[in-house]
J.: 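Have a look at this one.
Heavy-atom basis, side chains included; hydrogens, waters and symmetry copies ignored.
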Amino acid sequence: MKRIFQLLIIFIGITAMSQNSEMKKEDQIKELISNSFQKIFSDLDPQSLDTYCTQDFLLLETGEVWDMDKMRNYIDRASKQKSKVIRFNSFDFVEIKIEGKMAWVAYHNKAEFKSGEEVIRELNWLESATAILTEEGWKLQLLHSTIAEE
């Protein structure tokens, strides 16, 4: 009986650790999404593309295909504008699946564009992304974005 109890404790411990590890990976994917949007689309930091995206990254944006060159051109043009508008992103995650070194995530993305304290525009998207685990951490490989109602 003592042996069965010991095995049960070990099994419960291993199960709890694996669930904690899976939650940690999910948190890493959520951070990848939120941090990449902040640095790429809000801060317009061109170096962040290499930090958060694979070299073969593609963005499928409302019927257009954006590769890394198009992303860099977008950031370059947008950062040259003298606008005082600031973009704030928020996410509502629908589902995250992680299999080994590959993950996919589905989420709602809401961007508020503010001038001072005034929201001058709001956009909503339904998005999905795939990410791969590299030596440098999780990186986005594909992002699919569809404009959605609120």
J.: For G137, does its backbone N or O pair with a side-chain atom of T134 as donor and acceptor, under 3.5 Å?
T.: yes

J.: Applying a strict under-4.5 Å side-chain criterion to I, L, V, M, F, W and Y, I'd like to know whether I96 and V94 cluster together.
T.: no

J.: Would you verify whether the NZ or CZ of K139 falls within 45 degrees of the ring axis of F57 while also being under 6.0 Å from that six-membered ring's centre?
T.: no

J.: Show, in sequence, the C-alpha distance, side-chain angles and deciding distance for N89 and S42, and conclude whether the side chain to side chain donor-acceptor pair (under 3.5 Å) test is met.
T.: CA-CA 8 Å; N89 303 289; S42 295; 2.9 Å; yes

J.: Taking it one step at a time, do W138 and Q28 satisfy side chain to side chain donor-acceptor pair (under 3.5 Å)?
T.: CA-CA 8 Å; W138 289 101; Q28 291 173 348; 3.0 Å; yes

J.: Does a salt bridge link E112 with K110, judged by any charged N lying under 4.0 Å from a carboxylate O?
T.: yes

J.: Do you reckon I120 sits in the same ILVMFWY cluster as L123, going by side-chain contacts under 4.5 Å, direct or chained?
T.: yes

J.: Can you see which heavy atom on P46 is nearest to which on L44, and at what distance?
T.: CD-O, 3.3 Å

J.: Please report the C-alpha distance between K70 and E64 in whole Å, then the side-chain angles of each, then the deciding distance to 0.1 Å, and finally whether the salt bridge (charged side-chain N to carboxylate O under 4.0 Å, His left out) criterion is met.
T.: CA-CA 11 Å; K70 191 163 186 172; E64 291 184 31; 3.0 Å; yes

J.: Would you check, one step at a time, whether the test ring-ring contact (aromatic ring centres under 6.0 Å, His included) holds for F37 with F91?
T.: CA-CA 10 Å; F37 271 82; F91 304 93; 5.3 Å; yes

J.: Are V119 and F113 packed together at the side-chain level, in the sense that at least one heavy-atom pair is separated by less than 4.5 angstrom?
T.: no

J.: Give, for atom CG of L142 and atom CD1 of I132, the distance between the pair rounded to the nearest 0.5 Å.
T.: 11.5 Å

J.: Do L143 and I98 belong together in a cluster built from hydrophobic side chains that touch within less than 4.5 Å?
T.: yes

J.: Nearest 0.5 Å, what's the OG-CE distance between S48 and M71?
T.: 8.0 Å

J.: Kindly compute the distance separating OG (S90) from NE2 (H108), expressed to the nearest 0.5 Å.
T.: 11.5 Å

J.: Which atoms form the tightest heavy-atom contact between N124 and E149, and what is the distance?
T.: CB-O, 3.8 Å

J.: With a 4.5 Å cut-off on side-chain heavy-atom distances among I, L, V, M, F, W and Y, is there a chain of contacts connecting W125 to I33?
T.: no

J.: Does the side chain of L32 come within less than 4.5 Å of Y52's, by heavy atoms?
T.: yes

J.: Any salt bridge linking R72 with D67? Criterion: basic side-chain nitrogen under 4.0 Å from a carboxylate oxygen.
T.: no

J.: Mind checking whether L58 and V65 have side chains closer than 4.5 Å, heavy atoms only?
T.: yes

J.: Nearest 0.5 Å, what's the OG1-CG distance between T51 and L140?
T.: 11.5 Å

J.: Do you know the tightest heavy-atom contact between Q55 and M68?
T.: O-CG, 3.5 Å

J.: Closest heavy-atom contact between I75 and D45?
T.: CD1-O, 4.2 Å

J.: If two hydrophobic side chains count as joined below 4.5 Å and joins carry through other members, does W104 share a cluster with L126?
T.: no

J.: Looking at E99 and K97, is there a salt bridge between them, counting it only when a charged N and a carboxylate O are closer than 4.0 Å?
T.: no

J.: Can you check whether Q141 reaches M102 side chain to side chain, under 4.5 Å on heavy atoms?
T.: yes

J.: Return the minimal non-hydrogen interatomic distance between E127 and S145, and the atom names on each side.
T.: OE2-OG, 2.8 Å

J.: Do the ring planes of Y74 and F41 sit parallel (below 30°), tilted (30 to 60°) or perpendicular (above 60°)?
T.: tilted

J.: Would you give the length of the straight line joining atom OG of S36 to atom CG of L49, rounded to the nearest 0.5 angstrom?
T.: 9.5 Å

J.: Looking at CG of L60 and OG of S128, how far apart are the two atoms once the value is rounded to the nearest 0.5 Å?
T.: 8.5 Å

J.: Between E26 and K24, is the salt bridge (charged side-chain N to carboxylate O under 4.0 Å, His left out) condition met? List the steps.
T.: CA-CA 5 Å; E26 286 185 11; K24 184 179 178 193; over 6 Å; no

